[in-house]
Amino acid sequence: MELLSTPKNIEINNITCDSFRISWAMEKGDLERVTHYFIDLNKKENKNSNKFKHGDVPTKLVAKAVPLPMTVRGHWFLSPRTEYSVAVQTAVKQSDGEYLVSGWSETVEFCTGDYAKEHLAQLQEKAELIAGRMLRFSVFYRNQHKEYFQHVRMHCGNVMKPSLKDNSGSHGSPTSGMLHGIFFSCNTEFNTGQPPQDSPYGRYRFQIPAQRLFNPNTNLYFADFYCMYTAYHYVVLVLAPKGSSGDLFCRERLPQLDISSNKFLTCCVEEGELVYRHAQDSILELIYTEPVDLSLGVLGEISGHQLMSLSTANAKKDPSCKTCNISVGR
């Protein structure tokens, strides 16, 4: 039987967090003969990609020939924000069950995307299931080391500046390494209604009245839901003043929440005053997208311990947790 031509001009497009479309060029005479495609996909860091012979096909994707471009989804458990290399080979299945194969194409590299809004909506639904009842609170707070606040006062005009979010949480979160903001907390102790006296981030705490950061002129977005191999879970929310650059970033990428009616963090008018509540059973991580002047709040020292084990700085999400993972990339 006449040999097959080597696939050329590989093109990858329509890339999402867990799928992509692939096409290539074949000689006209091969189009009618080819019965199968062999696709070799490897994470880019794996430099020693072992091309398989046709007898080894269970280790790679074997697909019946379909019109190109071909969508690849569900054949591998693709991870978001991950670089891959891909090469293709065409084949004709012969009457004896063996394959006549072409040469391997050139290798093409691409990177999968972030979670889309529909994926984040799935995470949000999972987070809502364990949020628990809502507790009243009145202040947002931010813990840091003494040196941090000294630097803000001496070198930043007394203003805390937004910084780039780290890579903690879900690997596919669109905010990681992309959104600038200032991290705040709002969780309170059940028995006192006050912020806890312990913190993993430092012994000095800046407290600011909730209405300074969260009011009817603020948009609220759901950003992530994760755990770190622990029983308790974290929900990441973004507070963005309407029309700000942070608001525009989030509007395109994150599910927006109704500030007066959601399962995590609410701001409601009751008897003419703004009343604030947070979910009891989740640890909320709040990202405020604009600078904050220290003169708007109070700085003090906490009496408790610095619980470093609870720090979420660059924390990796538990990929096996059924509570906070969805059926796409982690």
Side-chain angles (χ1 to χ4, degrees), residues 1-120 122 167 170-174 176-178 253 317 319-320 325-330:
M1 185 177 288
E2 187 178 347
L3 297 178
L4 293 170
S5 62
T6 300
K8 299 177 181 178
N9 304 325
I10 307 297
E11 291 188 5
I12 306 289
N13 52 40
N14 287 41
I15 301 169
T16 72
C17 68
D18 65 343
S19 69
F20 62 93
R21 296 183 78 187
I22 185 170
S23 63
W24 59 85
M26 292 182 283
E27 295 292 340
K28 187 174 181 180
D30 292 344
L31 292 173
E32 297 176 357
R33 301 168 57 207
V34 167
T35 61
H36 290 79
Y37 304 143
F38 299 165
I39 301 179
D40 179 17
L41 183 77
N42 293 275
K43 286 189 177 181
K44 188 178 175 182
E45 60 265 28
N46 178 13
K47 300 298 183 182
N48 299 317
S49 170
N50 293 316
K51 297 293 190 293
F52 64 92
K53 299 177 182 178
H54 58 265
D56 301 323
V57 292
T59 65
K60 304 294 179 182
L61 172 64
V62 182
K64 287 187 175 181
V66 296
L68 298 176
M70 167 186 172
T71 298
V72 177
R73 174 185 286 115
H75 304 90
W76 290 279
F77 195 74
L78 293 175
S79 297
R81 283 196 182 189
T82 303
E83 293 183 326
Y84 290 93
S85 64
V86 64
V88 298
Q89 189 178 43
T90 58
V92 177
K93 190 171 185 179
Q94 302 177 97
S95 58
D96 61 1
E98 293 294 311
Y99 289 94
L100 173 70
V101 297
S102 71
W104 281 102
S105 71
E106 75 271 25
T107 298
V108 175
E109 296 178 350
F110 68 98
C111 185
T112 48
D114 295 333
Y115 283 152
K117 277 188 178 180
E118 56 263 34
H119 302 123
L120 291 170
Q122 293 176 42
N167 290 315
S170 300
H171 191 52
S173 172
S176 295
M178 296 294 291
R253 298 168 176 85
K317 180 174 182 175
S320 64
N325 280 295
I326 55 177
S327 58
V328 293
R330 298 293 188 250

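Just so it is clear, the structure is predicted and the values come from calculations on it, not from any experiment. The figures here come from the full heavy-atom set of this structure, side chains too, leaving out hydrogens, waters and symmetry mates.
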What pairs with Arg81 under salt bridge (charged side-chain N to carboxylate O under 4.0 Å, His left out), at least two apart in sequence or on another chain?
Asp114

Hey, does the side chain of Asp30 reach the backbone of Ser5 with a donor-acceptor pair shorter than 3.5 angstrom?
yes

Applying side chain to side chain contact (heavy atoms under 4.5 Å, CB included) between Tyr84 and each of Ile12, Leu78, Ile15, Asn42, report the one that passes.
Leu78

Testing the basics here: between [X] and [Y], what is the closest heavy-atom pair and its distance to 0.1 Å?
X: Ile326; Y: His119; result: CD1-O, 3.5 Å
X: Leu120; Y: Arg253; result: CD1-O, 3.4 Å
X: Ser170; Y: Tyr115; result: CB-CE1, 3.8 Å

Where do Leu68 and Ile22 land on the side-chain contact (heavy atoms from CB on, under 4.5 Å) test, with the steps shown first?
CA-CA 7 Å; Leu68 298 176; Ile22 185 170; 5.7 Å; no

Holding to side-chain contact (heavy atoms from CB on, under 4.5 Å), I want the full list of residues that pass it with [X], two or more places apart in sequence or in another chain.
X: Lys93; answer: Thr35, His36, Tyr99
X: Glu118; answer: Ala116
X: Thr90; answer: Leu4, Pro7, Trp24, Met26, Val34, Tyr37, Ser102
X: Ala25; answer: Asn9

With a 4.5 Å limit on heavy-atom distance, are the side chains of Thr82 and Lys43 in contact?
yes

List the steps, then state whether side-chain contact (heavy atoms from CB on, under 4.5 Å) holds for Asn14 with Thr71.
CA-CA 9 Å; Asn14 287 41; Thr71 298; over 6 Å; no

Do we see a donor-acceptor contact under 3.5 Å between the side chains of Thr16 and Ser19?
yes

Sequence neighbours excluded, which residues qualify as side chain to side chain donor-acceptor pair (under 3.5 Å) partners of Ser176?
Lys165

To the nearest 0.5 Å, what is the distance between [atom1] on [X] and [atom2] on [Y]?
X: Ser105; Y: Lys8; atom1: OG; atom2: NZ; result: 11.5 Å
X: Asp18; Y: Ser79; atom1: CG; atom2: OG; result: 10.0 Å
X: Asp40; Y: Ser85; atom1: CG; atom2: OG; result: 7.0 Å

